[in-house]
Amino acid sequence: MKRKKVRSLLPLVLILSAILILGAVLLLTPKLKIELVGEKEITVAYGEEYVDPGVKAYFGKKEFSPIITDGKVDTEKIGSYSLTYSVTRKRTTKKVSRTVNVADLTGPVVTVDGEVTAYKGYPTSDITLTYTAIDLFDGDCTSSVERVNNLDHIILYATDKKGNKSETKIPVKFIEDENPPVITLKGEKFMLLNPGEKYTDPGATAKDDRDGDITNLIENSGMPDISKKGSYEITYTVTDKGGNKTTAVRYIVVTPKRSEKNPGQKVIYLTFDDGPSPNTPYVLDILKTYNVKATFFVTAQHTGSLPYIERIHKEGHTVAAHTYSHKWEIYKSVDSYFADLDSINSIITKYTGAPSTLIRFPGGSSNRVSANYKKGVMTEIAAQCYAKGYVYFDWNIDSMDTSTSDPAKIVYNITSHLGNGYYNVLMHDTKTVHRQALPQVIRYGLENGYTFLPLDMSSPAPHHSIKN
């Protein structure tokens with residue numbers, strides 16, 4: 001009975017053993033696997049190169065190849081592409097698939113012509129850009145470009161019909177704006193007014209090569225007090241966006257205009273010392289414009305300008321002697337003074353044909369500097385002048401033109417001292433400011449009944465009190 005029971009269990013045992021053996025065989029036999037590298041579905045931009053991430057295949061724990069791929073991706077065509085990867089080992093094949101979508105993902109490409117520059121101090125919004133925006137599908141999208149101006153760069157956003165947007169950052173190179181604006185005064189630069197006379201400022205205009213018309217930015221200061229005699233400056237100032245500032249000045253002289261019923265004899269002798277210089281031709285041109293004659297007490301300080309002495313003489317002005325060297329050392333003795341005088345007279349003779357008997361002492365007859373070289377030398381020189389046939393001329397109006405850069409002050413210093421009589425006016429033809437004041441002085445004199453004459457031996461000669 002027991003033997004029969006054992007026999008009935010034997011098939012079951014055999015089956016279980018077979019299962020166990022089969023399981024062991026299956027466990028010990030290497031498995032074939034294939035895995036995608038990367039995503040199962042990939043989207044790539046149209047026109048871009050597609051680089052497949054591939055797959056990995058294993059037989060058991062060992063990675064191996066070959067791997068066969070079925071399918072191809074054409075990035076020059078929009079669409080979905082299927083790639084199938086398969087691997088076979090010992091009559092076993094494994095497969096895996098990937099989907100690749102080729103789509104329009106990029107916005108237009110923006111191209112800017114040339115380097116973008118701007119002047120320092122100017123906003124980038126002032127910059128004119130030339131650019132194009134081209135899309136792979138839509139072509140020219142330039143009209144879609146939106147511009148954003150920043151402090152040091154500009155950004156251009158371009159959008160295609162599918163909504164793809166591109167961003168292009170454009171750096172700006174900043175350069176210095178070295179050209180200041182130009183102010184142009186309206187009306188006269190020099191104006192003479194009676195005290196209390198109504199004054200309306202003519203104004204000015206301003207233009208800049210970058211900003212254009214900036215007249216509205218002009219600021220002015222220094223409006224004259226017409227109730228008081230004096231000289232005034234109205235200053236006009238304008239600044240462009242680059243920080244370049246320009247100023248212009250109008251000169252106002254407030255002084256009574258003479259209107260006596262019986263003015264008597266009114267003569268102005270304009271005298272110019274220390275030339276000729278590069279400025280002398282401009283002075284001569286002004287005198288010629290108004291048909292006015294003057295006197296030039298010449299020196300040899302500006303050797304290149306000495307030929308102007310000939311023009312002075314030919315145009316009817318008086319050429320008189322001032323000094324050859326214009327050095328104070330000429331006062332160390334009477335002889336040294338007259339030796340210097342002879343030297344300048346030799347120059348005068350060269351250009352006019354004769355020496356001059358009209359002289360003006362450097363510093364005037366009242367100068368005190370001569371005392372540093374010899375006591376009493378000016379008294380001795382003045383006494384010998386007449387004995388030698390010379391007449392010396394001081395002045396009774398000092399324009400003070402060597403101590404100011406303000407032409408209006410020169411005009412005021414002269415016109416405010418004029419009355420009835422003879423006026424020997426000390427001026428100089430060596431600086432620009434001297435010639436800037438001259439036209440207004442002449443106009444004032446002509447408008448108020450003065451005659452302008454050159455000096456000669458018979459002219460009244462104002463003399464200062466000799467101090468040495």
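- With respect to the salt-bridge test (charged N to carboxylate O, under 4.0 angstrom), the residues Lys186 and Asp201 do not qualify.
- Judged as a side-chain contact (heavy atoms from CB on, under 4.5 Å), and not counting sequence neighbours, the contacts of Lys288 are Glu315.
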Problem set entry | Stepwise side-chain contact (heavy atoms from CB on, under 4.5 Å) check, His302 with Thr430 | CA-CA 10 Å; His302 311 279; Thr430 53; 4.2 Å; yes
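- Side chain of Asn279 to main chain of Pro281: no donor-acceptor pair is present (N/O by atom type, distance under 3.5 Å, no hydrogens or angles).
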Between side-chain atoms of residues 130-142 and protein atoms elsewhere (two or more places apart, or another chain), which donor-acceptor pairs fall under 3.5 Å?
from   : atom 1 : to     : atom 2 : distance (Å)
Asp135 : OD2    : Phe137 : N      : 3.1
Asp135 : OD2    : Asp138 : N      : 3.0
Asp138 : OD2    : Lys161 : N      : 2.7
Asp140 : OD1    : Thr142 : N      : 2.8
Asp140 : OD1    : Thr142 : OG1    : 2.6
Thr142 : OG1    : Ala133 : N      : 3.0

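- Asn367 and Ser370 are linked by a side-chain donor-acceptor pair at a separation below 3.5 angstrom, with hydrogens and angles left out of the test.
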Exercise. Would Glu176 and Lys120 satisfy salt bridge (Lys or Arg N to Asp or Glu O under 4.0 Å), going step by step from the backbone distance to the final call?
Worked result: CA-CA 6 Å; Glu176 295 287 347; Lys120 290 182 179 178; 3.0 Å; yes
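- For an aromatic pair to be called close, the ring centres must be under 6.0 Å apart, and His317 with Phe296 satisfies this.
- A salt bridge links Arg98 and Asp52; the closest N-O separation between the charged side-chain nitrogens and carboxylate oxygens is under 4.0 Å.
- Counting only N and O atoms by type, the side chains of Tyr122 and Asp211 include a donor and acceptor under 3.5 Å apart.
- Judged by a 6.0 Å distance limit and a 45° cone about the ring axis, Arg435 is positioned over the six-membered ring of Tyr282.
- Annotation: the span from Ile397 atom CD1 to Trp395 atom CH2 amounts to 13.0 Å, rounded to 0.5 Å.
- With respect to Arg210 and Asp240, no salt bridge is recorded, no charged nitrogen being found less than 4.0 Å from a carboxylate O.
- For the side-chain contact (heavy atoms from CB on, under 4.5 Å) test, residues two or more places apart in sequence or in another chain that qualify with Thr159 are Lys165.
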Exercise. Given the rule in the side-chain contact (heavy atoms from CB on, under 4.5 Å) test, do Thr246 and Val182 qualify, once you have shown the distances and angles that lead to the verdict?
Worked result: CA-CA 7 Å; Thr246 297; Val182 176; over 6 Å; no
Problem set entry | Worked verdict on Lys72 versus Tyr81 for side-chain contact (heavy atoms from CB on, under 4.5 Å) | CA-CA 7 Å; Lys72 185 179 179 181; Tyr81 298 86; over 6 Å; no
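- For the residue pair Asn448 / Arg443, no side-chain donor-acceptor distance below 3.5 Å is found, with atom types taken as modelled.
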Exercise. Does the pair Arg311 and Asp285 meet the rule for a salt bridge (Lys or Arg N to Asp or Glu O under 4.0 Å), with working shown?
Worked result: CA-CA 11 Å; Arg311 180 183 169 187; Asp285 289 344; 2.6 Å; yes
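- Applying the 6.0 Å contact sphere to OH of Tyr46 captures more than 12 heavy atoms from other residues, nucleotides or ligands.
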